Number of protein chains: 2
Amino acid sequence: MSQTVDRALSILPLLAEGPADLGQVADRLGVHKSTALRLLRTLHEHGLVYRQSDQRYRLGARLFALAQEAMENLDIREIAHPHLARLNERCGHTVHLAVHEEGEVLYIDKVESRYPVRMYSRIGKPVAITVAAVAKLLLADLPEGERRAVAEKLDYPLYTARSTPNAPAFLRELEKVREQGWATDLGGHEESINCVAAPIRGADGRVVAAMSVSAPNVVVTADELLTLLPLVRRTADTISGEYSGRTPIKEAPEG
Amino acid sequence: MSQTVDRALSILPLLAEGPADLGQVADRLGVHKSTALRLLRTLHEHGLVYRQSDQRYRLGARLFALAQEAMENLDIREIAHPHLARLNERCGHTVHLAVHEEGEVLYIDKVESRYPVRMYSRIGKPVAITVAAVAKLLLADLPEGERRAVAEKLDYPLYTARSTPNAPAFLRELEKVREQGWATDLGGHEESINCVAAPIRGADGRVVAAMSVSAPNVVVTADELLTLLPLVRRTADTISGEYSGRTPIKEAPEG
DNA sequence: CAGGAGCGTTGCAACAACTGCAACGTCCAT
DNA sequence: ATGGACGTTGCAGTTGTTGCAACGCTCCTG
């Protein structure tokens with residue numbers, strides 16, 4: 001809508017790929033060097049880009065700080081965190097909290113496993129949307145049309161032999177998840193890692209977030225992990241209750 | 001430099017404080033609602049802001065993804081990480097990596113303590129610049145004039161009785177750190193937490209990053225923590241070697 | 001050591017894009 | 001039913017943005 005801002009913001013993903021100099025930025029933006037310079041300067045003043053010693057530009061520190069601050073202000077996160085921590089204390093495994101936003105699903109909180117073997121994930125990182133248990137829950141709640149549209153547009157990378165292979169399979173899986181009210185990822189992302197997940201709902205019943213417990217095969221089998229399902233669902237429901245305002249927020253013992 | 005972009009970017013920190021509606025944004029920007037609307041729309045198209053169900057705006061998912069991507073492209077981080085992990089395996093304590101950027105010092109990597117008691121910190125979070133050991137190292141390396149300018153502009157919050165109280169004290173501390181080539185924070189940020197830190201230098205000898213080991217009193221005393229100093233310094237030197245290209249990057253055993 | 005290429009930077013005039021206004025639509029509360 | 005609050009849109013004025021050309025600088029080369 002605003003050309004100038006549009007151009008300026010287009011610089012960010014460009015720099016995310018790696019540092020670039022003025023000429024490169026101007027070229028890829030399709031504008032004159034002087035224009036690119038002024039845009040970069042403005043971004044610089046706001047700390048979004050940083051000029052390293054070799055004069056090239058890269059993304060700046062304030063970007064991290066902003067993402068950080070925004071993350072900490074998410075109310076679901078704040079409400080959910082103590083429950084995630086308590087769940088982690090009980091079962092010892094990695095606990096994740098994720099939300100859906102315009103085509104992406106991303107982790108917004110994580111409590112690390114107490115076992116030495118940990119899985120790779122990072123808060124803020126978009127999740128493997130076609131296989132992750134939390135992603136299935138979040139997408140399964142979309143209205144039919146949207147769900148189909150999203151499914152068609154996705155890529156279906158075969159992380160493992162058990163990854164969701166294509167859109168029809170994904171839609172079937174979403175349908176199943178929608179009906180049963182919980183989801184799993186059994187080695188669909190990493191061969192040896194399984195997850196069970198449950199939805200967190202707002203006052204209107206819509207899924208606003210999803211949480212999961214993940215553990216590698218070497219620690220517990222998939223079947224053993226599934227025995228945690230009731231606990232995970234209870235925790236999610238408790239969080240739903242607080243989030244939707246039904247439960248007065250107190251030191252609620254759960255389960 | 002560019003008014004339009006400047007205004008648009010000013011929206012981001014504003015939204016970082018919490019969600020806001022169109023009117024609030026327009027007011028705080030000092031522009032007409034319609035102008036604010038168009039700026040927000042542009043930010044929205046780029047995924048930097050998100051419109052939640054109550055129509056209010058908040059920071060968007062792409063911001064996290066960008067911060068994430070930028071983080072992973074930092075070469076110091078990539079080079080340093082295995083060394084930080086190895087150091088953590090040896091001593092068991094929390095290990096941090098931090099860089100300085102335009103007045104802020106922020107953590108860009110962290111390996112968690114293996115002890116149950118952990119300290120609060122988060123990757124991407126700006127550090128307590130007046131007391132943190134890594135911050136002292138990074139600022140101590142600035143040229144005299146800049147160092148003084150920075151010191152004058154800072155706030156000196158008294159986190160504890162041992163926090164750096166004011167600019168002169170800070171400058172003295174920086175001078176000391178500069179001479180000895182390492183730094184500590186003994187309860188200056190949190191009463192019971194101590195850190196030892198060492199600088200990582202680029203090919204030109206300038207400090208490009210700093211790393212630290214932190215542990216609470218209840219696990220090890222300050223004196224015990226200080227016995228780790230040689231190990232920390234060796235690790236930092238090894239990373240310096242790789243970063244500056246002096247050491248061919250291989251599975252370098254350190255110590 | 002001089003010459004040239006490459007890059008970032010600045011002042012300026014032309015113009016496109018941005019701004020603020022006012023009017024409209026919608027939703028919610030009274 | 002009615003008023004108010006809020007988001008949204010088309011429009012005309014003009015401000016802010018653009019691309020150009022020229023300059024300064026550094027680095028490399030003959």
Side-chain angles (χ1 to χ4, degrees), chain A residues 1-15 17-60 75 101-102 143 202-206 244-245, chain B residues 1-15 17-60 101-102 143 146 202-206 244-245:
Chain A
M1 292 265 99
S2 166
Q3 190 191 61
T4 317
V5 178
D6 184 51
R7 285 174 171 169
L9 297 183
S10 302
I11 293 177
L12 298 178
L14 193 157
L15 290 184
E17 296 170 18
D21 62 30
L22 180 61
Q24 295 169 337
V25 172
D27 283 352
R28 294 200 44 184
L29 241 60
V31 300
H32 196 271
K33 282 186 307 177
S34 57
T35 305
L37 177 67
R38 285 182 282 249
L39 298 176
L40 280 164
R41 274 226 257 266
T42 311
L43 290 167
H44 179 94
E45 274 175 22
H46 285 259
L48 296 184
V49 309
Y50 176 66
R51 194 144 199 205
Q52 38 187 37
S53 45
D54 62 354
Q55 295 248 87
R56 290 188 307 165
Y57 295 91
R58 61 171 185 71
L59 295 183
D75 23 352
E101 189 172 303
E102 320 211 3
D204 54 1
R206 299 264 335 238
S244 59
Chain B
M1 292 266 99
S2 164
Q3 190 190 61
T4 317
V5 178
D6 183 51
R7 284 174 172 170
L9 297 182
S10 302
I11 294 177
L12 299 178
L14 193 156
L15 290 184
E17 295 170 18
D21 62 30
L22 180 61
Q24 295 168 337
V25 173
D27 282 353
R28 295 199 44 185
L29 241 59
V31 300
H32 196 269
K33 280 185 308 177
S34 57
T35 304
L37 178 67
R38 285 182 282 249
L39 296 177
L40 280 165
R41 273 225 257 266
T42 311
L43 289 168
H44 180 94
E45 274 174 23
H46 286 258
L48 296 184
V49 309
Y50 177 65
R51 193 144 199 205
Q52 39 188 33
S53 45
D54 62 354
Q55 295 247 91
R56 289 189 306 165
Y57 295 91
R58 60 170 182 72
L59 295 183
E101 189 170 302
E102 321 211 6
E146 242 180 282
D204 54 1
R206 299 263 337 237
S244 58

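What you see is a predicted model; the values in this text were computed from it and never measured. Just the heavy atoms: all of them, side chains too, but no hydrogens, waters or symmetry mates, feed the values below. By convention in this document, chain letters (A, B, ...) are assigned in the order of the sequence lines, proteins followed by strands, and residues within each chain are numbered from 1.
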Worksheet item: Does the base of D:dG16 carry an N or O that pairs as donor and acceptor with the side chain of B:T4 under 3.5 Å?
Response: no

Fill in: Side chain B:E146, main chain B:P143, donor-acceptor under 3.5 Å
no

Discussion item. In whole Å, I'd like the distance from the CD atom of B:Q24 to the P atom of D:dA5.
Written reply: 15 Å

Discussion item. Check this for me: does the side-chain of A:S34 come within 3.5 Å of the base of D:dC20 through a donor and an acceptor?
Written reply: yes

Discussion item. Just to be sure I understand the rule, does B:R56 reach a base, reach only the sugar-phosphate, or reach nothing, if contact means heavy atoms closer than 4.0 Å?
Written reply: nothing

Item to complete: Can you tell me the distance, in whole Å, between the CG atom of A:L40 and the P atom of D:dT18?
Response: 12 Å

Worksheet entry | Phosphate OP1/OP2 of D:dG7: any B:R51 side-chain N/O under 4.0 Å | no

Worksheet, complete the sentence: Separation of C:dC21 atom P from B:K33 atom NZ, nearest Å, is 11 Å

Worksheet item: Atom NE2 of B:H44 to atom P of D:dT8: distance rounded to whole Å?
Response: 11 Å

Worksheet item: Has the side chain of A:R41 got a donor or acceptor that lies under 3.5 Å from a partner of the other kind on the base of C:dG8?
Response: no

Worksheet item: Which nucleotide in the list C:dG8, D:dG7, C:dG20 gets nearest to the side chain of B:T35?
Response: C:dG20

Discussion item. Can you tell whether the side chains of B:R28 and B:E17 come within less than 4.0 Å, N to carboxylate O?
Written reply: yes

Worksheet item: Roughly how many Å is it from CG in B:L39 to C1' in C:dC18, rounded to a whole number?
Response: 9 Å

Response to the item:
Result for 5'-nearest mapping on DNA chain C, choosing between A:V5 and A:L37, is A:L37

Item to complete: Decide yes or no, distance alone: a donor-acceptor N/O pair under 3.5 angstrom between the base of C:dG20 and the side-chain of B:R38.
Response: yes

Worksheet, complete the sentence: Looking only at D:dT18, D:dG7, C:dG20, the nucleotide nearest the A:Q3 side chain is D:dT18

Item to complete: Take atom NE2 of A:H32 and atom P of C:dC7, then tell me their distance rounded to the nearest Å.
Response: 14 Å

Fill in: A:Y57 OH to C:dG8 P, straight-line distance once rounded to whole Å
8 Å

Response to the item:
Between B:Y57 and B:L15 the two heavy atoms that sit nearest each other are O-CD2, 3.5 Å

Worksheet item: Under 3.5 Å, side chain of A:E45 to main-chain N/O of A:T42, donor-acceptor pair present?
Response: no

Worksheet entry | Flag, side chain of A:T35 to backbone of A:V31, donor-acceptor distance under 3.5 Å | no

